[in-house]
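For the numbers below, each heavy atom of this structure counts, side chains included, while hydrogens, waters and symmetry mates do not.
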Amino acid sequence: MRVFKFGGASVKDASGVKNVVKVLEEVGHNNTLLVVSAMGKTTNAMEDIVNAYFKDKSLLTSVVHEVIQYHDHILNDLFSNDKHPVFARVKTLFDEVQGFLVWNKSPKYGFVYDQVVGYGELVSTTILSAYLNEIGIPNQWLDVRSLIKTNDDYRDAIVNWEKTQKNVTEKVDKRKLNITQGFLGSDDNNFTTTLGREGSDYTAAILAYCLNAEEVTIWKDVPGVLNADPRYFEKTELLNKISYREAIELAFYGASVIHPKTLQPLQRKEIPLHVKSFINPKDKGTTVGKGIGIEPKVPCFIVKKNLVLMKLSSLDFSFIVEDSISELFKLLHDHQMKVDLIQNSAISFSVCVDNKFDKLEELLNLLKSRFKVVHQEGVSLYTIRHFDTEAITSLQKGKEILLEQRGKETVQLVVQ
């Protein structure tokens, strides 16, 4: 069985949905499981709903209405008969969102976020499944929350592999075209959980692992994995082949094409991952699999923006050693700070972190009771894998370098 993942850009409008059909017709769809993200920027719009719920309920009606209108427009473009059952199914899903926002009593942002935001995927797959059936491509719609079981770490849930394996084995018919959602799971109380932003790639890998899939293909609006993000770098080059190890390194440093968690389950069963263009589906794209390094071997550039650089030094000039570092990492963990870079000397410790859960102020107050703290927000972390002198020189040009760290294969620069 094959697993295909289609992201939001591939189903952002009616033309995108029709293009997914074109891809399936060109590459085949028998014995295939589709993992589909929310349409276009719907996840951002659903986040706006959550923010309105917590910050200004007077805005709720309008922001919900905008999301409904966006999907109604796609439905009307795809289905000539407005009495088609899919209209009622989509309406029911949005009614569930609004109903939850009325009866919910939980003050926890993470819990509310997961119950609301995941409807983007439920709606997109409902529309795609109905359209495929309408044009004669029968398929089975699956609620991924009945497949992937997790703990209750909302917004960043951890998979229960044993329960997930059992569910996938029992509920996925390998003989059919199956359609399910990315990004989502459910906890033991059957509340929706999410696997982290961009978690749909990870969903594809989880399901592929449990199905012993032949391969996974991530369909993107780029020709494959490039050596740099074309949004931030002018000259980019397609990587034809990447080893699991190299891809994991690139993902760890923040390469945006492959989710960091995606590669681990695939590597364990040596399931090849293809990254291909949904615009030109017959092109070869990039293959990630067993092997050595990358082909061609060129410098790879990665940038992570809007990070925080903190420099901590001891108040009494004492050494920052094991016990101090252990305490620091516990604080970073407790405040859900993802550490992207560390550098320490005898009496100082620098760390570049991602404040994705907005807990920086709380953390800084605790740190200032123990250390002298200087921090800078809005910094960027550039990483170059397989660097050479020319690559470093071109990257440094015109930038204020706040911190630099080099290894044998990798150089990292924190810049203002």
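No salt bridge links D334 with K359; every basic N to acidic carboxylate O contact stays at or beyond 4.0 Å. Remark: R231 engages D229 in a salt bridge, criterion side-chain N to carboxylate O under 4.0 Å. By the 4.0 Å N-to-carboxylate-O rule, K166 lies too far from E162 to be salt-bridged with it.
Residues F191 and D152 have side chains not in contact (no heavy-atom distance under 4.5 Å, counting atoms from C-beta outward). Residues V23 and F6 meet the side-chain proximity criterion, which asks for heavy atoms closer than 4.5 Å. Side chains of L34 and L177 form a contact here, defined as non-hydrogen atoms less than 4.5 Å apart. Taking the side chain as every heavy atom from C-beta outward, M310 and L332 approach each other to under 4.5 Å. K276 is not listed as a side-chain neighbour of D283, based on a closest heavy-atom distance of 4.5 Å or more. Using a 4.5 Å cut-off on side-chain heavy atoms (C-beta onward), V159 and Y202 make contact. In this structure, the side chains of L360 and H375 come closer than 4.5 Å at one or more pairs of heavy atoms. Residues T164 and C210 meet the side-chain proximity criterion, which asks for heavy atoms closer than 4.5 Å.
With 3.5 Å as the limit, one finds no donor-acceptor pair spanning the side chains of S394 and E390. For the 3.5 Å distance criterion, the side chains of K149 and N190 qualify, holding a donor opposite an acceptor. In the model, Y109 has a side-chain atom that pairs as donor or acceptor with a side-chain atom of N51 under 3.5 Å. Using modelled atom types and a 3.5 Å distance limit, the side chains of N133 and N139 yield a donor-acceptor pair. Side chains of K284 and N240: a donor-acceptor N/O pair is absent below 3.5 angstrom, by distance only.
Around atom NZ of K304, more than 12 heavy atoms belonging to other residues, nucleotides or ligands sit under 6.0 Å away. For R268, the CZ atom counts as densely surrounded, since its 6.0 Å shell holds more than 12 non-hydrogen atoms of other residues, nucleotides or ligands. Around the NZ atom of K91, the shell of radius 6.0 Å holds no more than 12 heavy atoms that belong to other residues, nucleotides or ligands. Under a cut-off of 6.0 angstrom, the local environment of CD in E170 is crowded, with over 12 non-hydrogen atoms contributed by other residues, nucleotides or ligands.
We find the OG-CG distance between S277 and L238 to be 10.5 Å, quoted to the nearest 0.5 Å. Distance CG/D156 to NZ/K338: 10.5 Å, rounded to 0.5 Å. To the nearest 0.5 Å, atom CG of residue L328 and atom CE of residue M337 are 13.0 Å apart. Distance check: H84 NE2 to N76 CG gives 12.5 Å after rounding to the nearest 0.5 Å. With rounding to the nearest 0.5 angstrom, the CD1 atom of I74 is 12.5 Å from the OH atom of Y131.
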message: Determine whether M1 and E214 satisfy the following criterion, side chain to side chain contact (heavy atoms under 4.5 Å, CB included), listing intermediate values before the conclusion.
response: CA-CA 6 Å; M1 190 173 199; E214 299 168 14; 5.8 Å; no
- prompt: Could you go step by step and tell me if F349 and F371 meet the side chain to side chain contact (heavy atoms under 4.5 Å, CB included) rule?
  reply: CA-CA 10 Å; F349 180 91; F371 304 94; over 6 Å; no
- request: Apply side chain to side chain contact (heavy atoms under 4.5 Å, CB included) to the pair L312 and R370, showing each step before the final yes or no.
  value: CA-CA 9 Å; L312 316 176; R370 288 287 316 277; over 6 Å; no
message: For E26 and K22: C-alpha separation, side-chain torsions, deciding distance, then whether salt bridge (Lys or Arg N to Asp or Glu O under 4.0 Å) applies.
response: CA-CA 6 Å; E26 287 198 34; K22 178 175 175 288; 2.9 Å; yes
task: Mind running side chain to side chain contact (heavy atoms under 4.5 Å, CB included) on I384 and T410 for me, showing each step along the way?
output: CA-CA 6 Å; I384 312 176; T410 306; over 6 Å; no
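Checked against ring pair (Phe, Tyr, Trp, His ring centres under 6.0 Å), F387 has no partners two or more places apart in sequence or in another chain.
Put simply, the side chain of T286 never gets that close to the backbone of G224: no donor and acceptor are under 3.5 Å apart.
Cation-pi geometry between K57 and Y53 is met: the NZ or CZ atom falls under 6.0 Å from the ring centre, inside 45° of the normal.
Within the structure, the side chain to side chain donor-acceptor pair (under 3.5 Å) test picks out the following pairs touching residues 3-19 (sequence neighbours left out): K5-D201.
Screening D187, V112, T192, T194 against Y154 for a side chain to side chain contact (heavy atoms under 4.5 Å, CB included) leaves a single residue, D187.
Under the 30°/60° scheme for interplanar angles, the aromatic rings of F4 and W219 are found to stand perpendicular.
Minimum interatomic distance between D340 and Q412 (heavy atoms only, all atoms of both residues): O-NE2, 3.9 Å.
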